[in-house]
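Protein chains get the first letters and strands the later ones, always in sequence-line order, with residue 1 at the start of each.
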Amino acid sequence: DWERERFTLDQGLSRAVRTAFVGLYEKGLIYRGTYLINWSPGLRTAVSDLEVEYSQEQGSLYYFKYPISGSDEHIPVATTRPETILGDTAVAVHPDDDRYRHLIGQACVVPMLGRAIPVIADTYVDRQFGTGALKITPGHDPADYEIGLRHGLPVISVLNPDASMNENAGPYAGQDRFECRKRLWVDMQAAGLTIKVEPYTLQVPRSQRGGEVIEPMVSTQWFVRMKPLAEPALEAVRSGQIRIVPDRFTKVYYNWLENIRDWCVSRQLWWGHRIPAWYCADCNQMTVAREDPEACSHCGSTRITQDPDVLDTWFSSGLWPFSTLGWPETTIDLKTYYPTSMMETGYDILFFWVARMIMMGLEFTGQPPFRTVYLHGLMRDEHGRKMSKTLGNFIDPLKVMDEFGTDALRFTLLTGSTPGNDITVSLQRVEANRNFANKLWNASRLVLNAIGRAPKRPGSLPEPTLGDRWILARLGGLEREVARLFEAYQFAEAGRQIYEFFWSEFADWYLEIAKLQLEEGPAHAWSTVSTMVHVLDDCLRMLHPFMPFVTEELWQHLRQACREQGGGLGPADGWEQALIVARWPEVEAAAPGAAEDERDFGVIRSLVTAVRNARAENDVPPRKRIPAVVVAGERRRLIESERKTIAALARIDPEGLVVHASLANPPAESVPLVVGEVEVYLPLEGLVDTVAEKGRLSSELANVQAQITRLETLLGGAFADRAPAEVVEKERAKLAELKQAEERIRSQLEGLGA
RNA sequence: GGGCGGUUAGCUCAGUUGGUUAGAGCGUUGCGUUGACAUCGCAAAGGUCGUAGGUUCGAGUCCUAUACCGCCCACCA
């Protein structure tokens, strides 16, 4: 026998738990009583309904005879747990069942024990199932327990706390229940009482904790009356005071609370919050008190002992939103931080924790503990199984963080799934995000270097370049989008978009352009650095919730570098001490020319890409500068003003870059390209594979023509008059552009001698 | 028995007010390495969105049915 040893829990929390317990007790919402509960034989404790999981297992259905006293007749009965026969106190049949109606009210005999029990009638019995007769074991089956109550049947328990048979099992006392099952059946066979055994799939109740088979047992425990607590909790969500994200869990929440049953909160464990009830050895009365009593509150006797049971761990967890803030005292923390805005947790503890926090919060503070419940999915292993300590199939986050970094893991978990959907952990994904953290680091390093070499702020600032205007327009768009996504609780999508912007636009394009601009003299250099700082600063602020460590580190460097530069780069003096307390970037409406800048830059970008593409296809050495003839039409001014950028990014010889508005005779021996309204010719004497180019252009032409046909059909049909004008207009513009492209490709094909 | 989720590129997943040849990462293929980054760069190939209907000018996105996988709730012995 163990001395029960208890940990001294934090005094404050203990006090909150006691206050809550006694409060509920005094309102009649906690009671102690003897009922059928779920018993965990290995742990030798009661557990709540929620802690029982049902697993489908192969078992047997045992058919046997219940002999009628003083007659040759018997009632056939089936059971999956023969050992419970020893605790039967009735056999039930349906009142309208012609097979057995004449036996109702008679007595039958419990096999091997010889106890006489009645045959009763109850409409619960399903005439179609099994033999149509049901043995009633109120001591070990929930349904039978209910029937027993209806009929005033005695309750016989045949199990000890360790699930061995007790003295009520007669000759089987002391045997384990599974051993007894076999032996009893053998004995019944010998006595001619068995009929048959069929294989049968049954739902076996198992302990969530250890996996052992749970036995329904009659026991004296403490219960919380749930209906009065559930009502306000339902109302809080129905009325919109609390919102559950994603929405579909609202229904699950309703369903559970609407059908809630009383909660068995006492546990026969060695640690936990001990139940504040004392029993008097003299008057047998119970004293429930917030403070340890000196004496029985009924008779004054000092011979009192505290209930050895402790509370279900979720009882104190339910108080967490306010017990952690000092409740029941009216602390400043409580007044300041309660209720909070959002509760973020996994959907698997919606009932265990979230619902109970809501119920307890409303009960004890009169307010819902939070406004929004955001439920994330569960981590699953590569086989799709839930990660659990019991299975041992979890990925150790510490190891992952060691290898790839905490930020990489955090970013992966944040962006890897949709709210409420499970996530299969992919280490490759963590690795990819580690690379992103590295990209952040390196891009920032480039910016920091530029700051270090930046000149003083010039007297007059140059006009921002297209590149500058473009990245700022894109940044603004991103910030609006991220704000919208945050409002909608779409954190994952927000994170992905920032990632995309930072890597594919800021690092891949703007920083490349910035390198060129830094060489354009002090004024341009300063303004470029200023733009880099602005974009990087905003990105770090937005990424901070996703990757707190690397962004904080970089931001501190950024802030420091701007201060040291001393030329008024960034609002250095207005910056906060740390990123974690820094303001979120302000969301602004798009600047007047933003859309045009984005479109213009789009032309430059696709032109550069097209040239790179052609170079790769024609095996032009990467470092080789080549000439290019651009026929730009109305885009001539744009191309002219961006020629340096184009030349550098596409590795075109700046001297050899010729821009025309139009050209009667395209250069011979060159690779022709069509980029929207712009044509490009790359004179690659000796390198051009005319046949291959023809093939490429032909397939491009076919593609464009297919699109034209599609759009013409579309615009010729009902779409034109039934779709919104602006949607139609967009398609019209696209068609016009395609037609221009078609002509260009045609003439290029002719130029190749087709 | 009731309810819910998933089914989109070889793999893991995005795609939330339906807007018109579907996106990412990884993997694959080709080229590339002195100046932020090979934990990288530049390019490329690759899906018609489980299936069958329907609504609509228009559907991966809405509706109905259905298949498969998974989950939750439920006292049929």
Side-chain angles (χ1 to χ4, degrees), chain A residues 54 61-62 77-81 84 92 124-126 128-137 141-147 200 202-203 216 246 248-249 251-252 255-256 259 347-348 350-351 377-378 380 382 384-386 404 408 412 415-418 420-429 431-450 485 488-490 492-493 496 499-500 504 507-508 511-512 515 608-609 612-617 619-623 649 651 703 706-707 710-711 714 717-724 726-728 730-731 734:
Chain A
Y54 291 84
L61 190 55
Y62 300 81
V77 176
T79 181
T80 56
R81 294 181 294 159
T84 63
Y124 170 81
V125 180
D126 180 352
Q128 314 302 320
F129 189 87
T131 64
L134 178 61
K135 61 187 272 308
I136 305 298
T137 323
D141 184 280
D144 293 3
Y145 185 79
E146 294 296 319
I147 295 171
Y200 187 71
L202 41 118
Q203 303 279 329
R248 69 184 129 93
F249 286 102
K251 204 168 155 189
V252 181
N255 191 43
W256 188 67
N259 300 295
Y347 66 75
D348 57 333
L350 178 61
F351 305 145
L378 270 34
R380 316 207 85 103
E382 64 270 31
R385 293 179 310 181
K386 176 178 167 177
F404 299 112
T412 304
T415 59
S417 72
T418 333
N421 282 4
D422 294 347
I423 173 169
T424 307
V425 174
S426 147
L427 286 181
Q428 282 189 336
R429 207 160 179 143
E431 189 180 358
N433 289 325
R434 184 271 315 266
N435 294 350
F436 177 57
N438 193 249
K439 181 54 104 172
L440 269 177
W441 186 266
N442 281 310
S444 300
R445 210 163 67 175
L446 174 70
V447 175
L448 292 170
N449 276 332
L485 291 166
Y489 301 99
Q490 293 183 51
E493 187 58 22
R496 276 183 229 114
Y499 172 105
E500 198 60 27
S504 308
D508 286 352
L511 289 184
E512 290 307 318
K515 285 178 194 169
V608 169
T609 301
R612 285 172 173 171
N613 204 333
R615 293 176 61 116
E617 280 176 6
D619 295 321
V620 178
R623 307 203 60 79
L649 297 182
R651 295 217 146 259
N703 182 16
Q707 285 191 60
R710 203 193 90 248
L711 279 180
L714 181 67
F719 174 79
D721 11 81
R722 309 196 59 163
E726 52 175 84
V727 176
V728 177
K730 229 172 94 186
E731 296 307 318
K734 213 182 284 177

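One can place CG of A:D422 at 14 Å from C1' of B:U12, the figure rounded to the nearest angstrom. Rounded to whole angstrom, the span from the CG atom of A:N259 across to the C1' atom of B:G1 amounts to 14 Å. With rounding to whole Å, A:Q490 atom CD is found 11 Å from B:U17 atom C1'. Atom CD of A:E493 and atom P of B:G15 are 6 Å apart (whole Å). Separating the CZ atom of A:R380 from the P atom of B:G70 is a distance of 11 Å, rounded to the nearest angstrom. Rounding to whole angstrom units, CG of residue A:L202 and P of B:G1 are separated by 17 Å. Atom P of nucleotide B:G58 and atom CG of A:D721 are separated by 12 Å, given to the nearest angstrom. Between the CZ atom of A:F436 and the P atom of B:G41 there is a distance of 12 Å, given to the nearest Å.
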Problem set entry | Where protein sits on nucleotides 24-36 of chain B, one letter per nucleotide: B base, S sugar-phosphate only, - none, heavy atoms under 4.0 Å | -SS----SS---B
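A:D144 and A:K135 are not joined by a salt bridge, as no carboxylate oxygen comes within less than 4.0 angstrom of a charged side-chain nitrogen.
Put simply, the side chain of A:L350 reaches to within 4.5 Å of the side chain of A:V252, judged on heavy atoms. Side-chain atoms of A:E146 and A:Y124, non-hydrogen and from C-beta on, never get closer than 4.5 Å to each other. Side-chain contact check for A:N259 versus A:N255: some heavy-atom pair is nearer than 4.5 Å.
Between B:C26 and B:A38, the distance separating the two P atoms is 16 Å to the nearest Å. B:C42 and B:G10 have their P atoms separated by 25 Å, given to the nearest Å. Across the P atoms, B:A14 and B:U7 are found 7 Å apart, a figure rounded to whole Å. For B:C62 and B:U56, the C1' atoms lie 10 Å apart once the distance is rounded to whole Å. Straight-line distance between the P atoms of B:U20 and B:A36: roughly 40 Å, to the nearest whole Å. Between B:U51 and B:U8, the distance separating the two C1' atoms is 15 Å to the nearest Å. For B:U48 and B:G60, the P atoms lie 12 Å apart once the distance is rounded to whole Å. Rounded to a whole angstrom, the distance from the P atom of B:G27 to that of B:U55 is 46 Å.
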Problem set entry | Dot-bracket encoding per residue of RNA chain B, Watson-Crick/G-U cut-off under 3.5 Å, | denoting interstrand | (((((((..((((.....[...)))).(((((.......))))).....(((((..]....))))))))))))....
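Nearest to the side-chain atoms of A:K730 among the listed nucleotides B:U20, B:C76, B:A43 stands B:U20. In this structure, the nucleotide among B:C73, B:A77, B:G19 sitting nearest to the side chain of A:F719 is B:G19. Comparing B:C57, B:C75, B:A74 against the side chain of A:Q203 picks out B:A74 as the nearest. The side chain of A:N421 sits closest to B:A14 out of B:C57, B:A74, B:A14.
Counting only distance, with no hydrogens or angles, the side chain of A:D141 and the backbone of A:T137 share no donor-acceptor pair below 3.5 Å. Judged purely by atom type and a 3.5 angstrom limit, A:R380 has no side-chain atom pairing as donor or acceptor with the backbone of A:D422. Remark: the backbone N or O of A:N421 is not paired with any side-chain donor or acceptor of A:T418 at under 3.5 angstrom. Of the possible donor and acceptor atoms, one in the side chain of A:N442 sits under 3.5 Å from a partner among the backbone N and O of A:N438.
Of the side-chain N and O atoms in A:Y200, one or more sit less than 4.0 angstrom from OP1 or OP2 of B:A77. A close approach under 4.0 Å does occur between a side-chain nitrogen or oxygen of A:T418 and OP1 or OP2 of B:A14. Of the side-chain N and O atoms in A:T609, one or more sit less than 4.0 angstrom from OP1 or OP2 of B:A43.
Nucleic acid contact for A:R434: base, since at least one base atom lies under 4.0 Å from a heavy atom of the residue. Within 4.0 Å of A:L714, counting heavy atoms only, lies at least one base atom of the nucleic acid. If you check every strand for non-hydrogen atoms under 4.0 Å, A:A143 touches a base. Across all strands, A:D126 comes closer than 4.0 Å to base atoms (heavy-atom distances). Heavy atoms of A:G416 sit under 4.0 angstrom from primed sugar atoms or phosphate atoms, though from no base atom.
Summarising the geometry, atom CZ belonging to A:R612 is positioned 14.5 Å from atom CD belonging to A:E617; distances are rounded to the nearest 0.5 Å. To the nearest 0.5 Å, atom CZ of residue A:F129 and atom CG of residue A:L134 are 10.0 Å apart.
Annotation: of the two residues near RNA chain B, A:P724 and A:Q128, the 5′-most nearest-nucleotide partner is A:P724. Toward the 5′ end of RNA chain B lies the nearest nucleotide of A:N255, the other residue of the pair A:T80 and A:N255 mapping further downstream.
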Problem set entry | A:Y62/A:T80 under side chain to side chain contact (heavy atoms under 4.5 Å, CB included): CA gap, chis, key distance, verdict | CA-CA 6 Å; A:Y62 300 81; A:T80 56; 5.7 Å; no
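Side-chain atoms of A:Y347 and base atoms of B:C72 include no donor and acceptor less than 3.5 Å apart.
Taking A:Y347 as the reference, A:F249 meet the ring pair (Phe, Tyr, Trp, His ring centres under 6.0 Å) condition, with sequence neighbours excluded.
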